[in-house]
Asks: 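The structure's right below; bear with me while I get my questions together.
Hydrogens, waters and symmetry mates play no part in the numbers below; they use all other heavy atoms, side chains included.
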Amino acid sequence: MKPIDLRSDTLTQPTPAMRKAMANAEVGDDVFEEDPTLKKLETLAAKKTGKESALFVPSGTMGNLVSVLSHCQRGDEILLGDRSHIFLHEVGGIAALGGVHSRIIPNNPDGTLPLPLLENSIRQSDIHYPPTRLICLENTHNFCQGSPLSPEFMDSVRVLATKYGLKIHLDGARIFNAAVALDIEVETLTRQADSVMFCLSKGLSAPVGSLICSSRQFIQRARKFRKMVGGGMRQAGHLAAAGLVALENLVQRLKDDHLNAKTLAEQLALIKGIELDQTKIKTNIIFFKLNHPQIDGDTFINLLEAKSIKILMTDPGVFRAVLHRDVSREQTETVAQTIQSILTL
Ligand code: TLP
């Protein structure tokens with residue numbers, strides 16, 4: 001039996017329409033900037049985020065790295081949340097490869113950053129200090145229950161950034177989930193950022209790829225850094241073709257994933273041994289804690305695997321389930337029932 005795999009929305013398989021578009025894509029050499037399909041995708045991405053220009057990169061991690069490299073010099077400091085993907089899950093690339101210093105600020109549970117603390121963390125000019133250059137935000141905020149950040153929060157950070165001459169980079173790996181959850185245009189969430197990275201290979205189901213969107217000048221710099229880190233691609237239009245299908249046809253269906261997440265969260269919250277605040281579930285990501293006298297985290301994962309269900313343990317006793325296109329409404333019910341039966345053994 002094919003497992004119900006809730007470990008991530010990165011697991012989504014390309015749709016039949018994507019496979020067809022990929023096979024038939026008109027392509028060229030993108031290092032020579034001659035791939036028509038890739039150019040079409042970059043133009044569409046720039047339009048959707050309200051930016052002048054865009055650059056296709058193989059992954060979200062490379063997108064964030066290249067963006068930070070394009071904003072910062074070695075020795076610069078950036079401000080970012082302690083639960084942010086860039087800080088937690090990108091192998092410290094910005095420090096290792098860019099010499100960029102991270103100043104972390106505890107995220108609020110909804111993924112925002114406390115504004116007074118953010119402001120206090122901006123360095124004064126002093127011989128002892130690295131210069132603060134950039135604020136990084138994440139929307140939706142993966143490790144804060146997939147929370148969408150509001151345009152109002154983005155506006156407040158913009159005010160601060162402008163006051164102190166800082167730039168804003170937005171890790172918008174799941175920015176389309178945020179826009180769909182808030183029922184607003186993506187542009188409303190990206191206009192305050194100087195650069196934004198979003199992913200095609202998560203809930204949008206494309207097999208590969210992310211985009212960096214920003215000003216023409218920034219994208220020129222980013223193109224050079226992408227080449228430096230080995231991300232210059234050749235007939236990448238085959239990949240871009242799937243991305244076009246994603247942006248044109250698969251955005252609105254993210255609502256189904258959000259609805260499934262809400263339903264699953266409601267059911268899980270009723271199960272004894274599970275700690276979950278279902279009111280916090282706004283998109284496709286659910287985090288919950290296990291609090292059971294006999295079953296520890298590893299045992300729980302193994303019992304679920306034995307029933308062909310996969311979820312991630314992100315910390316001891318803390319689990320993440322991500323809803324996506326390859327998990328149906330019926331399967332979410334199976335998941336809830338299975339967890340209930342495991343925990344009432
Ligand atoms: N996140 C992955 C894991 O790395 C945790 C996942 O399964 O959620 N920004 C955010 C907010 C992300 O969630 C991710 C991937 C990335 C960047 C990096 O994207 P990729 O995996 O394409 O490098």
Asks: Going by atom types alone, do Thr162 and Arg158 pair a side-chain donor with an acceptor below 3.5 Å?
Replies: yes
Asks: What heavy-atom pair brings Gly230 and Met62 nearest, and what distance separates the two atoms?
Replies: C-CE, 4.4 Å
Asks: Look at the rings of Phe198 and Phe176 and say which category their plane angle falls in: under 30° parallel, 30 to 60° tilted, over 60° perpendicular.
Replies: perpendicular
Asks: Is a side-chain donor-acceptor pair under 3.5 Å present for His128 with Asp126?
Replies: yes
Asks: Before you tell me yes or no, could you show the steps for Arg223 and Glu33 under salt bridge (Lys or Arg N to Asp or Glu O under 4.0 Å), namely the whole-Å CA-CA distance, both residues' side-chain angles and the distance that decides it to 0.1 Å?
Replies: CA-CA 10 Å; Arg223 188 178 290 280; Glu33 298 185 41; 3.4 Å; yes
Asks: Determine whether the side chains of Arg123 and Thr132 contain a donor N or O and an acceptor N or O closer than 3.5 Å.
Replies: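 Short answer, no.
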Asks: Which residue is it: Arg226, Lys227, Arg234? I am looking for the one with a salt bridge (Lys or Arg N to Asp or Glu O under 4.0 Å) to Asp30.
Replies: Arg226
Asks: Tell me whether the count of non-hydrogen atoms from other residues, nucleotides or ligands lying under 6.0 Å of CD in Glu185 goes above 12.
Replies: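 Open.
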Asks: Would Ser53 and Arg216 count as a side chain to side chain donor-acceptor pair (under 3.5 Å) here? Give the steps.
Replies: CA-CA 5 Å; Ser53 195; Arg216 202 157 281 124; 5.0 Å; no
Asks: Taking everything shown except Asp183 itself, do over 12 heavy atoms lie less than 6.0 Å from its CG?
Replies: no
Asks: Give me the atom names and distance for the closest heavy-atom approach of Met233 to Pro58.
Replies: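 Answer, listing the atom of Met233 first, then Pro58: CE-CD, 3.9 Å.
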Asks: Using 30° and 60° as the class limits, which term best fits the ring planes of Phe300 and Phe319: parallel, tilted or perpendicular?
Replies: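 Geometry flag for Phe319 against Phe300: perpendicular rings.
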Asks: For His258 and Thr283, does a side-chain donor sit closer than 3.5 Å to a side-chain acceptor?
Replies: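 No pair is found: no donor N or O on one side chain lies under 3.5 Å from an acceptor on the other.
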Asks: Go through the steps to decide whether Arg174 and Asp9 satisfy the test salt bridge (Lys or Arg N to Asp or Glu O under 4.0 Å), and finish with yes or no.
Replies: CA-CA 10 Å; Arg174 296 183 180 83; Asp9 46 8; 2.9 Å; yes
Asks: Does the salt bridge (Lys or Arg N to Asp or Glu O under 4.0 Å) test come out yes or no for Asp277 and Lys289, once each step is laid out?
Replies: CA-CA 10 Å; Asp277 181 354; Lys289 281 191 188 150; over 6 Å; no
Asks: Ser214 side chain to Glu52 main-chain N or O, any donor-acceptor pair under 3.5 Å?
Replies: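 Not at all, since once roles are kept as given, no pair shorter than 3.5 Å links the two residues.
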Asks: Is a donor from one side chain sitting under 3.5 angstrom from an acceptor on the other, for Asn64 and Glu90?
Replies: yes
Asks: Would Glu119 and Lys163 count as a salt bridge (Lys or Arg N to Asp or Glu O under 4.0 Å) here? Give the steps.
Replies: CA-CA 10 Å; Glu119 184 162 13; Lys163 182 171 165 194; 2.9 Å; yes
